[in-house]
K.L.:
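The structure is given below, and queries will be raised subsequently.
Note that ligands are numbered from 1 as they come in the structure, with each ligand's atoms numbered from 1 the same way.
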Amino acid sequence: MLCAAVLTAAGSGTRLGHALPKALVPLAGTPLLVHAARGLAASGVVDAVVVTAPDGHLEEVAALFPGGRVPGSDVPVRVVVGGATRQASVAAGLAALDDVAPGCEAVLVHDAARCLAGPELVRRVVAALEAGHGAVVPGVPVTDTVKRVVDLPGGGARVVETPERSTLRAVQTPQGFSRELLERAHRLGAERADDETRAVSDDAGLVESLGEEVLLVPGEAAALKITTPADLELAERLLSRS
Ligand SMILES: Nc1ccn([C@@H]2O[C@H](COP(=O)(O)OP(=O)(O)OP(=O)(O)O)[C@@H](O)[C@H]2O)c(=O)n1
Ligand SMILES: C[C@](O)(CO)[C@H](O)COP(=O)(O)O
């Protein structure tokens with residue numbers, strides 16, 4: 001089964017507050033995006049990668065992949081400009097799949113922000129696709145008690161519900177899909193893609209809205225998302241221990 005990955009890297013990283021777009025921020029001297037691409041390539045089950053670059057940074061991002069390959073591998077890379085939301089960026093990546101992996105049947109969607117996701121996690125997701133599942137997300141149990149709330153007009157919020165914690169999972173990337181299903185989900189959800197208030201925060205959400213089944217497989221602590229400076233410090237520590 002030919003499998004390509006869309007690696008989202010077009011975000012600005014507002015919450016990280018760095019001068020560079022988040023995917024270009026160095027972790028132990030190497031941009032987050034390159035760590036993430038290496039993790040995909042090291043799995044041995046990803047045949048090609050499409051990277052979504054921040055607008056205005058196309059050439060800078062392409063230069064991170066000399067010869068159009070993930071460094072240290074033969075995996076080809078195509079770089080495209082991302083969109084205004086993550087959903088729009090993934091759609092832009094999907095539109096370029098045939099440039100680098102014509103006829104691929106399976107697609108992973110991965111965040112450069114989850115730069116330390118390991119090869120075993122990638123293989124676990126792809127194995128579930130090979131076993132016939134159309135949509136696969138990795139997830140980890142939630143340790144906090146989570147409340148559903150509604151905002152109050154004067155500020156603050158009112159608790160509406162406490163979902164049973166054992167039924168909750170915090171989901172990660174890479175998420176895996178049959179290409180046909182993911183492209184259909186993005187086509188049908190396209191009118192939300194450019195509106196940050198309506199765009200979905202993950203691709204499985206679009207597939208769920210079609211009423212299709214999404215399989216959950218175990219995630220891993222290393223696949224944390226770099227969102228704030230504290231996450232970056234944690235990732236530095238994790239990397240120095242590995
Ligand atoms: N328009 C966008 C927004 C996000 N992303 C990517 O989606 C992933 C998850 O997004 P997030 O962690 O929220 O990144 P940012 O949007 O950059 O962060 P912030 O919300 O703090 O600005 C990241 O790899 C990011 O580069 C993208 O490709 N295109
Ligand atoms: C796709 C994702 O990483 C799964 O947890 C997450 O939803 C991305 O969300 P963000 O708001 O774009 O960081």
K.L.:
Kindly check if the number of other-residue, nucleotide or ligand heavy atoms within 6.0 Å of CD (Glu161) is above 12?
P.N.:
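Yes, enclosed.
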
K.L.:
Minimum distance, heavy atoms only, to atom 7 (O) of ligand 1: which one of Thr8, Leu32, Leu33, Asp194 is it?
P.N.:
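That would be Thr8.
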
K.L.:
Is it the case that atom CD in Glu120 sees more than 12 heavy atoms from other parts of the structure closer than 6.0 Å?
P.N.:
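At most 12 heavy atoms, drawn from other residues, nucleotides or ligands, come within 6.0 Å of this atom.
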
K.L.:
Is the closest side-chain heavy-atom distance between Asp111 and Arg86 below 4.5 Å?
P.N.:
yes

K.L.:
For atom 13 (O) of ligand 1, what is the closest protein heavy atom, and at what distance to 0.1 Å?
P.N.:
Arg15 NH2, 2.9 Å

K.L.:
Distance under 4.0 Å to a non-hydrogen atom of Thr173: what atoms of ligand 2 satisfy this?
P.N.:
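Close to Thr173: 1 (C), 3 (O).
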
K.L.:
Who's the nearest protein heavy-atom neighbour of atom 4 (C) of ligand 2, and how far?
P.N.:
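Looking only at protein heavy atoms, the one closest to atom 4 (C) of ligand 2 is Val171 O, 3.4 Å.
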
K.L.:
What's the shortest distance from atom 17 (O) of ligand 1 to any protein heavy atom, and which residue and atom give it?
P.N.:
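The closest heavy atom on the protein side is Gly13 N, 2.7 Å.
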
K.L.:
Dump the intermediate steps for side chain to side chain contact (heavy atoms under 4.5 Å, CB included) on Arg179 and Leu97, then the final yes or no.
P.N.:
CA-CA 10 Å; Arg179 180 180 177 181; Leu97 278 181; 3.7 Å; yes

K.L.:
Same hydrophobic cluster for Val122 and Val171, using side-chain heavy-atom links shorter than 4.5 Å among ILVMFWY?
P.N.:
no

K.L.:
May I ask whether Thr85 has any heavy atom positioned less than 4.0 angstrom from an atom of ligand 1?
P.N.:
yes

K.L.:
Compare every heavy atom of Asp203 with every heavy atom of Gln175, then report the nearest pair and how far apart it is.
P.N.:
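Scanning both residues completely, I find the closest heavy atoms to be OE1-N, 3.6 Å.
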
K.L.:
Identify which one of Val137, Val125, Leu121 satisfies the side chain to side chain contact (heavy atoms under 4.5 Å, CB included) criterion when paired with Gln172.
P.N.:
Leu121

K.L.:
Check each atom of ligand 1 against the heavy atoms of Ser12 and keep those under 4.0 Å away; list them by number with element.
P.N.:
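Answer, ordered by atom number: 17 (O), 22 (O).
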
K.L.:
Looking only at protein heavy atoms, identify the closest one to atom 12 (O) of ligand 1 and say how far it is in Å.
P.N.:
Lys22 NZ, 2.7 Å

K.L.:
Short list, please: which atoms of ligand 1 are under 4.0 Å from a heavy atom of Lys225?
P.N.:
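Numbered from 1, ligand 1 contributes 12 (O).
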
K.L.:
Would Asp151 and Arg158 pass as an ion pair if we require N to O under 4.0 Å?
P.N.:
no

K.L.:
Quick test of your reading of the model: are Arg165 and Asp144 salt-bridged, counting only N-O distances below 4.0 Å?
P.N.:
no

K.L.:
Quick test: of every protein heavy atom, which one is nearest to atom 4 (C) of ligand 1, and how far off is it to 0.1 Å?
P.N.:
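In this structure, atom 4 (C) of ligand 1 has Gly11 CA, 3.5 Å as its nearest protein heavy atom.
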
K.L.:
Below the 3.5 angstrom mark, is there an N/O of Arg114, backbone or side chain, next to an N/O of ligand 2?
P.N.:
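Checking ligand 2 against Arg114, an N or O pair does fall under 3.5 Å apart.
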
K.L.:
Would you mind telling me which of Leu40, Leu129, Val126, Leu108 makes a side chain to side chain contact (heavy atoms under 4.5 Å, CB included) with Val45?
P.N.:
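Testing Val45 for a side chain to side chain contact (heavy atoms under 4.5 Å, CB included) against Leu40, Leu129, Val126, Leu108 leaves exactly one candidate, Val126.
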
K.L.:
Considering only heavy atoms of Thr52, which atoms of ligand 1 have at least one such atom less than 4.0 Å away?
P.N.:
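Close to Thr52: 28 (O).
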
K.L.:
Got the closest protein heavy atom to atom 1 (N) of ligand 1, with its distance?
P.N.:
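For atom 1 (N) of ligand 1, the nearest protein heavy atom is Gly83 O, 2.9 Å.
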
K.L.:
Counting heavy atoms only, which part of Ala10 comes closer than 4.0 Å to ligand 1: side chain, backbone, both or neither?
P.N.:
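For Ala10, backbone and side-chain atoms both sit under 4.0 Å from ligand 1.
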
K.L.:
So which heavy atom in the protein is nearest atom 3 (O) of ligand 2, and how far is it from that ligand atom?
P.N.:
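Minimum-distance protein heavy atom for atom 3 (O) of ligand 2 reads Asp111 OD2, 2.7 Å.
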
K.L.:
For atom 10 (O) of ligand 1, what's the nearest protein heavy-atom neighbour? Residue, atom name and distance, please.
P.N.:
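Protein heavy atom at minimum distance: Arg86 CD, 4.6 Å.
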
K.L.:
Given Ser201, Ala204, Ala113, which one has a non-hydrogen atom that is nearest to atom 1 (C) of ligand 2?
P.N.:
Ser201

K.L.:
Test Val50 against every option in Val80, Thr8, Leu7 by the side chain to side chain contact (heavy atoms under 4.5 Å, CB included) rule and name the one that passes.
P.N.:
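Checked Val80, Thr8, Leu7 against Val50; only one passes side chain to side chain contact (heavy atoms under 4.5 Å, CB included): Val80.
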
K.L.:
Minimum heavy-atom separation for Ala53 to Ala10, with atom names?
P.N.:
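Reported closest heavy-atom pair: O-CB, 3.5 Å.
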
K.L.:
What atoms of ligand 1 come within less than 4.0 Å of a heavy atom belonging to Ser89?
P.N.:
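Atoms satisfying the 4.0 Å criterion: 1 (N), 2 (C), 27 (C), 28 (O), 29 (N).
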
K.L.:
What protein heavy atom sits nearest atom 10 (P) of ligand 2, and how far off is it?
P.N.:
Lys225 NZ, 3.9 Å

K.L.:
Numbering the atoms of ligand 1 from 1, which are under 4.0 Å from a heavy atom of Ala84?
P.N.:
1 (N)

K.L.:
In ligand 2, which numbered atoms sit nearer than 4.0 Å to a non-hydrogen atom of Arg86?
P.N.:
1 (C), 12 (O)

K.L.:
Are any of the heavy atoms in Arg15 under 4.0 Å away from ligand 2?
P.N.:
yes

K.L.:
Would you call Thr173 and Arg114 a side-chain contact if the rule is heavy atoms closer than 4.5 Å?
P.N.:
yes

K.L.:
With respect to Leu16, determine whether any N or O atom, backbone or side chain, lies less than 3.5 Å from an N or O atom of ligand 1.
P.N.:
no

K.L.:
Could you tell me whether Arg187 and Glu183 make a salt bridge, using a distance below 4.0 angstrom between a side-chain N and a carboxylate O?
P.N.:
no

